[in-house]
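A short worksheet on the structure shown next.
Remember, it's 1-based here, ligands and their atoms both numbered in the order they're listed. Treat the numbers as computed from the prediction; the structure is a model and nothing was measured.
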Amino acid sequence: MPLTGEYEPSKAQFVRDQVELYESSDGMQGATLGVLVTREDDERVRDLPVVILTTLGVRSGKIRKTPLMRVEHEGSYAVVASMAGAPEHPVWYHNVVADPRVELQDGPVRRDMLARVVTEDEKAVWWARAVEAFPDYAEYQRKTDREIPVLVLKPVVQEY
Ligand code: F42
């Protein structure tokens, strides 16, 4: 069941713009982030895939939308509350902890999902997948004492 409510765009212009472009182009535009990736002796800018997470504002109850790096494995996704290694969690993380019903848009496909914070071995597996998808996560974790949370999203199975 899709989340309902009034959409409140982010205060951050680049976030608002990317969400707008992503949604208005049905995920065909604004769906990547240009990242300088250095691997062994190869360094180049790669366009890495981005998804849009929709959450319910924990205070406002409004619909909030956040671009995040795409980390997918066999139909499940991880979202990483990295906030570029800032000392505090991003606001969207608190929204999801308060209400795990989220929507995820991956390109043209939007799905209802349930989110769960993962820990220990399960987190280690998803963290490795996340760093593979977006190497900067490793750098972000190195630069902060905050343990960067990882949440796994699984599609909601419609009961009939
Ligand atoms: N951020 C990540 O943490 N991980 C990523 O993988 C990631 C990838 C990414 C790719 C592309 C891109 O353009 C941005 C990317 N970001 C990534 C940044 C991400 O989109 C967010 O900007 C960032 O994580 C910060 O999230 P935030 O939720 O803290 O955003 C702030 C700026 C924000 O939008 N604040 C809103 C505002 O209006 O100030 C409030 C949003 C909100 O949910 N409010 C709550 C409510 O009830 O409505 C109340 C919250 C409260 O406690 O007051």
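The side chain of R64, and not its backbone, has at least one atom closer than 4.0 Å to an atom of ligand 1 (non-hydrogen atoms only; side chain from C-beta on). If you look at N95 next to ligand 1, the close heavy atoms, those under 4.0 Å, all belong to the side chain. Contacts between F14 and ligand 1 below 4.0 angstrom, taking non-hydrogen atoms only, involve the side chain exclusively. Under 4.0 Å from ligand 1, the heavy atoms of V80 that appear belong solely to its backbone.
In this structure, R110 and T54 have side chains that are in contact, with non-hydrogen atoms separated by less than 4.5 Å. Side-chain atoms of Y93 and P149, non-hydrogen and from C-beta on, do get closer than 4.5 Å to each other. Using a 4.5 Å heavy-atom cutoff, the side chains of V118 and K123 are in contact. R101 has its side chain within reach of L114: a pair of non-hydrogen atoms, C-beta onward, lies under 4.5 Å apart.
Closest protein heavy atom to atom 26 (O) of ligand 1: W92 CD1, 3.2 Å. Among protein heavy atoms, the minimum distance from atom 10 (C) of ligand 1 is reached at M69 SD, 3.7 Å. Distance from atom 37 (C) of ligand 1 to its nearest protein heavy atom, with residue and atom name: K11 CG, 3.8 Å. Closest to atom 25 (C) of ligand 1 among all protein heavy atoms lies M83 SD, 3.4 Å.
Taking any N or O of V58, backbone or side chain, at least one lies under 3.5 Å from an N or O belonging to ligand 1. An N or O contact shorter than 3.5 Å is missing between P90 and ligand 1 by distance. Residue contacts with ligand 1: V15 is placed with no nitrogen or oxygen under 3.5 Å of a nitrogen or oxygen of the ligand (distance criterion only).
Shown in contact with R59 at under 4.0 Å from a heavy atom are these atoms of ligand 1, numbered in order with element: 46 (C), 47 (O), 51 (C), 52 (O), 53 (O). Per-residue contacts place T66 under 4.0 angstrom from the following atoms of ligand 1 (heavy atoms of the residue considered): 19 (C), 20 (O), 21 (C). Heavy-atom proximity to V91, at under 4.0 Å, picks out these atoms of ligand 1: 27 (P), 28 (O), 29 (O), 41 (C), 42 (C), 43 (O), 44 (N), 45 (C), 50 (C). Per-residue contacts place G57 under 4.0 angstrom from the following atoms of ligand 1 (heavy atoms of the residue considered): 46 (C), 47 (O), 48 (O).
Exactly one of D99, N95, T66 qualifies for a side-chain hydrogen bond (donor to acceptor under 3.5 Å, both in side chains) with T55. That residue is N95.
The OG atom of S76 sits 3.0 Å away from the NZ atom of K154 when rounded to the nearest 0.5 Å. Here CD of Q18 is found 7.5 Å from OG1 of T32. Values are rounded to the nearest 0.5 Å. Atom NZ of K65 sits about 8.5 Å away from atom CD1 of I52, to the nearest 0.5 Å. A distance of 3.5 Å separates CG in D106 from OH in Y77, rounded to the nearest 0.5 Å.
Within the structure, ligand 1 lacks H94 among the residues with a heavy atom less than 4.0 angstrom away. The shortest separation from a heavy atom of Q18 to ligand 1 is under 4.0 Å, placing the residue in contact. Residue Y137 places a heavy atom less than 4.0 Å from ligand 1.
Note on R129 versus E132: no salt bridge recorded, every NZ/NE/NH1/NH2 to OD/OE distance being 4.0 Å or above.
There is no protein heavy atom closer than 4.0 angstrom to atom 35 (N) of ligand 1. Atom 43 (O) of ligand 1 lies below 4.0 Å from at least one non-hydrogen atom of the protein.
In this structure, R146 contributes its side chain and S82 its backbone to a donor-acceptor pair below 3.5 Å.
Closest heavy-atom approach to atom 1 (N) of ligand 1 among the candidates I63, L68, V50: L68. Considering A84, S82, A12, A133 only, the shortest heavy-atom separation from atom 2 (C) of ligand 1 involves S82. Closest heavy-atom approach to atom 19 (C) of ligand 1 within the set S10, P67, A98, G34: this belongs to P67.
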Kindly indicate, with the supporting measurements, whether the criterion side-chain contact (heavy atoms from CB on, under 4.5 Å) is fulfilled by W92 and V15. CA-CA 12 Å; W92 62 264; V15 169; over 6 Å; no
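In this pair, W127 and Y137 present their aromatic rings tilted. The plane angle is within the 30 to 60° band.
Here the closest heavy-atom approach between residue S25 and residue Q29 is recorded as OG-N, 2.7 Å.
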